Structures are given as C-alpha cells and as structure tokens.
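I'd like to ask you about the structure that follows.
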Amino acid sequence: MASQTRTALVEDLMARFPHVPREAVIKEDLLRGGMAFDESALSGGGADGPGGGDVKPKSYFIFSFDHRTLPELGAAALNRPPEEIVLTGGPYGLRRTVVSVRVNPDSPYVVRGGEDGTLGLYLDGVRISDVGLPPMPEYYRHKLSNGKSVMEVAPTIQWGYLIYLTVFRVCQYFGAKEECQFCDINHNWRQHKAAGRPYTGVKPVEEVLEALEIIDRYDTAGTSRAYTLTGGSITSQVGGRDEADFYGHYAQAIEERFPGRWIGKVVAQALPRDAVQRFHDHGIRIYHPNFEVWDRRLFQLHCPGKERYVGRDEWHRRILDSTEVFGPRHVIPNFVAGIEMAEPFGFTKVGEAIDSTAEGLRFFMSHGVVPRFTTWCPEPTTPLGKANPLGAPLEYHIRLLETYRATLEEFGLSSPPGYGPAGPGRAVFSVSSFMDSLEGLEEPGDEGPAAS
C-alpha cells in the first residue's frame, strides 16, 4: 500500500498544483527521497574509476548526496551510478529533465532496463519515463601528468555545464557543536579515504589548472560554461591563507590562464566587505554566501558554527553589503530546502514552513538578491538525516516552487545568472527544480560567457 500511496501522492500534487511543471514534481521527489538502481543500470565508471566506460560516473564532488553510506550501498558504490540522469516521455509526457543521482536502495523509484533493453524509471513497478545517461566526456578519459583523473580534480555536473572545484574537502566547523546539522562534507571525506578512493584534501592550484587545460582542450562544444570554487568553511587559515585569499588565489590563477573562458563563482561564508572585494578583484563574478535556513531559531540550531563565528544577523548584513561589490544580481545565497521541517526542531505544518521561507525570500528579493536552493538530501551520517530519513514532505517542495516563482514575479526579478537556461525541458541545474519552474523568467545571456 505504501508504494501505491507514492504514486497517488505524486499525481495528487500534479493535479493540485497545475502551474508547477510535472517534471518538477517528479524531480523533487527523486531529489528528496533518492532512487534505486537495478544492477543492469550500474555501468558508470566501474570499480577502477572513470576513463574506460561509456557513462559519466558519480563523482561525489562535495557531499555524498546518498541515503546510505558507501559500505551500505554495495554494488551501487563499487559500480558507480551515473552523475545524473535525464528523464523524458512516459505517461506524464515529461520534457527533458536533468536530475542529480541520490542513491537510495529502498526508494520506490528504480532505474532499470526494460524488455527491449532501454533504461527506464519505474515507480511502483510502472515505467514512468525513459532514462538517458550522461556520456563519458572526452576530458574524463585523460589523466593529469601525476596520474590523477580529471574527475577527481575538476568534475563537471549539470550535464557538463558546471565545473565543480571543491578545493578544500573538509570544513573547519568541526564536531557536534560547530558542524551544520544537515551537512556531511567531513564524513564524505572520511568515507572516501576509508574506501581507498582518491580524494585530495587540498587541491594544489597547479593540478586544478592542468585539469582545466584538459577540459578546455577536449570540450570542443563549449558545454562547460561556469566553474564554482568551494569547499569547507575556513575559520583560521589553510596554507597560510584566510578564506578569501585561499579561494581567491585559485580564481586569480584560473582567470590569468583562461581569461573569460568560464564565468567564475565562489561558494564561501558571508565575509566582510573587504574580503568580498578580494574575491571580485581575483576575477570571481558570482558570490554564493549561503544562508542555509531563514528562521532565526533554526539557523542557530542547524548552523551552530556559523551562528557562533558570525551570527545570523551579521550573516545577512554581509550578504547585503556584498551587493555593493558584485551587484545584487550576482549575489546568490543558497538555502537547503526542507530542513525547515526537520525534526525535532522544525516546523510541523507545511504552511508554516512555507511562510517562514517566503519571509526570507521577500527579504532578499526586496534588495534585488535572488536566492537559490538545493533540495535537502537527508544523508544518514548527519544529525538531521538520522532523525529524518524521509526528508521533508513532497508537498513542501512543490509549494516552495510555487512560492519562489510568485515572489520573483512580485519583485520583477528573473532567474539568477550562471545556472544555464530556465524552464522545463531546458534547465540543467540538477540539485533542485527551481530552474525547471521558471519558464519565461530568464534574461538573455544568463548561460555564461563561453561560446556555444
């Protein structure tokens, strides 16, 4: 009965929220609850890593984004699942929809081959869409001079649009009293090292440049159009540099070597204005000082390190101050959609959670700042993931998409730059459906500076 309820839930929400694309309803359910893979669908990379296969494997580029640990995943860990999948067709007539892969062996959604051998996505045993797999990019088939793979140093996501440079693989907010309660960056580091996988803690700038040279050489179609510099928060120093200089010196090197090839983005803490200016001076053009969750009490509980070192009010002040450097449109703070409803402290009613998040959206959008969000994956090694293995209700995610679009329209704003095209059938942003839901709210030229 439970699996039948999932199909009924999905179709009920499609009917109740007809202005939210059907594609987004399915995508949000996959992102919040994960997908299972039949062994016949696990062809990516293989145990020996990428290079020889035909499918681009999951890179675990910063967090695990799985509902089980690597040891618990078994074959799904050894024979890597794809980085993303693309959904089309089926009884819901899905337009092309790119979805980040979050593995959950218990999910009612299963990717498997049909009788004709083609892959499909099955819900409650019924095929609801065709499944396309990301092809192994040519640049993944080439190694750096030291033998490291491009995927380890500079993986690409969003169907090749974004180069994700996690140059510091751990976070200096450490332990139960400092770590964000939804984040498994430190555990993801530990599990990959325990499994013997290459997972460099601090990536040398020379390796990053060499990997980018390979991407630039073999990405002849110009699919990659942006890069993100990110990693754990730095509360002291790494390699003698504070956070702004640590991440900034990568940007400076990239922009000197590849001027204008990609739009440069950085995900970092909300830093003082002079530090933010250093990011801009080094060539970064989009700044993501993520605010994680709007509600004051939940920010204090879910982000204890950020509350202790900076504080919620100061965090928000710094976000607004940074618009004087980058311009409001190029300051794009992320929040983790769903943790508003995480037990034991979160809202218990969907409407209350939406009202709280809407308050935050209105605050930022009234200043011309357009936040974006990642759909919460309740990773099992995090406090919130352990307490909430099912994540937030699907209705919350669907109502959030509706509220997000309505707030954008209220303030006369468009989709944020650096995320590729907007709208169902066009969006490539894979870790939430907000871009899939913004048809008609895109400004020209938002795909980034690279040639198509």
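In this text the structure is predicted, and so the values were computed from the model without any measurement.
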Which pair of non-hydrogen atoms, one from Met151 and one from Ser59, has the smallest distance, and what is that distance? CG-CB, 3.7 Å
Salt bridge present between Lys349 and Glu395 (N-O < 4.0 angstrom): no
Does Ser107 use its side chain to pair, donor to acceptor, with the backbone of Gly34 at less than 3.5 Å? yes
Are the side chains of Thr7 and Val126 in touch, meaning some heavy atoms are under 4.5 Å apart? no
Which residues pass the side chain to side chain contact (heavy atoms under 4.5 Å, CB included) test with Tyr122, not counting sequence neighbours? Arg112, Arg127
How about Ser64 and Gln191: does a side-chain donor come under 3.5 Å of a side-chain acceptor? no
Show me, pair by pair, the donor-acceptor contacts under 3.5 angstrom made by side chains of residues 153-160, not counting sequence neighbours?
residue, atom, partner, partner atom, Å
Thr156, OG1, Lys56, NZ, 2.6
Thr156, OG1, Tyr139, OH, 2.9

Under 3.5 Å, side chain of Glu379 to main-chain N/O of Phe65, donor-acceptor pair present? yes
Could you go through the side-chain contact (heavy atoms from CB on, under 4.5 Å) check for Gln172 and Phe174 one step at a time? CA-CA 5 Å; Gln172 290 185 351; Phe174 198 82; over 6 Å; no
Lys27/Asp436 salt bridge by N-O under 4.0 Å criterion: yes
So which heavy atom on Glu152 is nearest to which on Lys203, and how close? O-NZ, 3.1 Å
Considering non-hydrogen atoms only, spot the tightest contact between Ala226 and Lys265 and give its length. CB-CE, 4.3 Å
Chi angles and distances behind the side-chain contact (heavy atoms from CB on, under 4.5 Å) call for Leu361, Met365: CA-CA 6 Å; Leu361 292 175; Met365 290 187 188; 4.2 Å; yes
Check whether the side chains of Asp184 and Thr382 place a donor and an acceptor atom closer than 3.5 Å, and report yes or no. no
Cut-off 3.5 Å, side chains only: do Glu28 and Ser433 have a donor facing an acceptor? yes
What pair of heavy atoms forms the shortest contact from Arg297 to Phe345, and how long is it? NH2-O, 2.6 Å
